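Report on the following structure.
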There are 2 protein chains.
Amino acid sequence: MAQKDTVKSILNAAEELFSERGFAETSLRNITTKAGVNLAAVNYHFGSKKALIQAVFARFLTPFCEDLERELDAVQARLDGKVPELPGILMLLSQTALRAGHDSPRRLGIFMRLLGLAYTQGQGHLRRFLQKEYGPVFKAFMRLVTAATPELSDEDRFWRIHFMLGATVFTLSGADSLTAMAEHDLGKGSDIAQVVDKLIPFLASGLNAPHQAG
Amino acid sequence: MAQKDTVKSILNAAEELFSERGFAETSLRNITTKAGVNLAAVNYHFGSKKALIQAVFARFLTPFCEDLERELDAVQARLDGKVPELPGILMLLSQTALRAGHDSPRRLGIFMRLLGLAYTQGQGHLRRFLQKEYGPVFKAFMRLVTAATPELSDEDRFWRIHFMLGATVFTLSGADSLTAMAEHDLGKGSDIAQVVDKLIPFLASGLNAPHQAG
DNA sequence: TCTCGTTTTAAACGTATGTTTGAAACAGTT
DNA sequence: AACTGTTTCAAACATACGTTTAAAACGAGA
């Protein structure tokens with residue numbers, strides 16, 4: 001039980017601190033202090049800081065992707081050849097994501113911030129790791145989206161998917177400060193789940209936009 | 001001429017390196033080496049690394065915001081009370097932005113990457129600096145958008161503006177790698193200007209989406 | 001040509017980082 | 001109770017960082 005506790009508290013501390021400050025700005029001393037373990041524990045249990053970063057992602061993404069894969073298969077089977085509906089796909093994705101941070105909805109925000117960092121911060125090793133590990137599930141998801149948007153050219157669909165990804169990662173990343181801003185500006189805060197609800201019609205409408213301006 | 005050259009090459013090197021690796025991951029030694037100047041030059045001319053970061057943003061944003069302010073005033077005058085059109089506003093913004101990196105269109109991508117970093121990376125001093133310095137222009141822009149979307153609730157508009165910001169920053173940030181991906185996946189690359197063209201209908205349609213899913 | 005303020009330079013400073021080490025503490029087995 | 005493999009611990013290691021310093025080089029005005 002001792003080992004699991006140490007490993008778990010390191011992962012918890014690292015997840016939170018990385019999401020708050022970024023990877024380079026978070027030292028192993030920050031992490032081990034917050035986790036209440038010895039400094040050397042990270043290198044003992046994970047091998048290096050890079051490996052710890054990957055482990056933080058794996059702990060969230062592996063169950064999430066397994067879950068998503070099951071859901072995608074189920075949808076595919078239920079459809080039985082018919083054309084899937086876009087908002088349904090998006091809601092499936094968002095609900096799987098919300099479920100992945102099962103203990104607290106705040107966890108999804110934390111992880112989105114990490115995902116944003118993975119893109120923006122150097123960390124080439126991370127991008128390679130994510131691609132190798134979770135690329136196939138993403139491709140399966142894309143096949144469904146493609147089936148749901150037959151009228152889009154491959155090029156438009158490619159770019160619009162990334163517009164959607166950007167809107168999602170950016171706003172869910174900053175959900176904490178954005179809801180604080182919303183509360184200050186208009187007296188109405190929101191939690192992550194509500195932001196996701198607002199996000200879906202925006203994304204669905206954007207993806208289906210006419211080719212010209214409108 | 002000597003001083004201007006040193007300052008300018010430091011800013012050029014810093015802008016590029018920051019955008020590639022982030023702030024914390026880029027050392028003053030990296031910057032001064034790339035710029036071909038002495039290590040101490042940064043602290044001599046800018047005072048500190050933080051001040052250098054702010055200077056990099058100021059060099060891009062100050063002319064851009066002055067230009068944008070002029071354009072906004074011109075639109076306001078031309079309207080003379082009538083309701084402005086959304087796609088027109090977005091195109092005005094994008095064209096002002098493209099003009100800001102006047103020498104090369106790649107510059108806009110670099111700056112968007114920096115803007116993304118400013119949000120994600122710690123750098124509280126940067127957010128405060130940007131807010132103080134460029135907040136008013138953003139508010140003026142928001143007034144126009146509000147006038148162009150009278151049917152939206154303040155809450156929906158708030159969130160959708162940030163969805164738009166996210167889609168823009170994210171995709172223009174990663175425009176280099178994304179166009180490479182597009183080229184690999186579908187044999188068709190794009191430059192920044194073309195991505196912006198694809199972005200506008202997506203954003204306009206998302207902002208005007210019905211409140212429910214659609 | 002000499003002078004004085006500005007700019008550049010090489011070297012050092014203090015600090016913080018990721019990692020390694022070797023001994024101590026622990027837990028399970030015989 | 002003694003042994004064994006695993007985990008923790010305090011301390012040290014080498015390295016890289018941002019910043020400072022004091023002297024040298026420079027450039028324009030008298």
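So you know, we letter chains A, B, ... as the sequences are listed, proteins then strands, and number each from 1. Quick note: numbers below take in every heavy atom, side chains included, and nothing from hydrogens, waters or symmetry partners. Small disclaimer: the values here were computed from a predicted structure and weren't measured.
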Rounded distance (Å) that lies between atom [atom2] of [N] and atom [atom1] of [X]:
| X | N | atom1 | atom2 | result |
| --- | --- | --- | --- | --- |
| A:L17 | C:dG18 | CG | P | 12 Å |
| A:K49 | C:dG18 | NZ | P | 4 Å |
| B:F46 | C:dT8 | CZ | P | 11 Å |
| A:L28 | D:dA10 | CG | P | 17 Å |
| A:K50 | C:dT17 | NZ | P | 18 Å |
| A:I31 | C:dA16 | CD1 | C1' | 15 Å |
| A:Y44 | D:dA10 | OH | C1' | 17 Å |
| B:D5 | C:dT6 | CG | C1' | 16 Å |

To the side chain of [X], which of [options] is closest?
| X | options | result |
| --- | --- | --- |
| B:L39 | C:dA11, D:dT6, D:dC9 | C:dA11 |
| A:N43 | C:dA10, C:dT20, C:dT17 | C:dT20 |
| B:N38 | D:dG18, C:dT8, D:dC9 | C:dT8 |
| A:R29 | C:dT17, D:dC17, D:dA10 | C:dT17 |
| B:A40 | D:dT6, C:dT19, C:dA10 | C:dA10 |

Does OP1 or OP2 of [N] have a side-chain N or O of [X] closer than 4.0 Å?
| X | N | value |
| --- | --- | --- |
| A:S27 | C:dT17 | yes |
| A:H45 | D:dT8 | yes |
| A:T6 | D:dT8 | yes |

* To do: Check step by step if salt bridge (charged side-chain N to carboxylate O under 4.0 Å, His left out) holds for B:R157 and B:D154.
  => CA-CA 5 Å; B:R157 185 165 39 237; B:D154 285 352; 2.9 Å; yes

* To do: Kindly state whether the ring of A:F57 and the ring of A:F111 have centres lying under 6.0 angstrom apart.
  =>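 Judged by ring-centre distance (under 6.0 Å), A:F57 and A:F111 do meet the cut-off.
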
* Closest non-hydrogen atom pair between A:S9 and A:A35, with its separation ->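 Closest approach of A:S9 to A:A35, heavy atoms only: O-CB, 3.4 Å.
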
* **Side-chain (B:T149) to main-chain (B:V145) donor-acceptor, under 3.5 angstrom** =>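 Side chain of B:T149 to backbone of B:V145, a donor-acceptor pair under 3.5 Å: yes, one is there.
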
* State plainly whether the residues A:D73 and A:R70 are in salt-bridge range, i.e. N to O under 4.0 Å. =>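 No, no charged N to carboxylate O under 4.0 Å.
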
* Asked: Hey, does B:T32 reach any base, or is it just sugar-phosphate, or nothing, if we go heavy atoms under 4.0 Å?
  ->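 Contact class for B:T32: none.
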
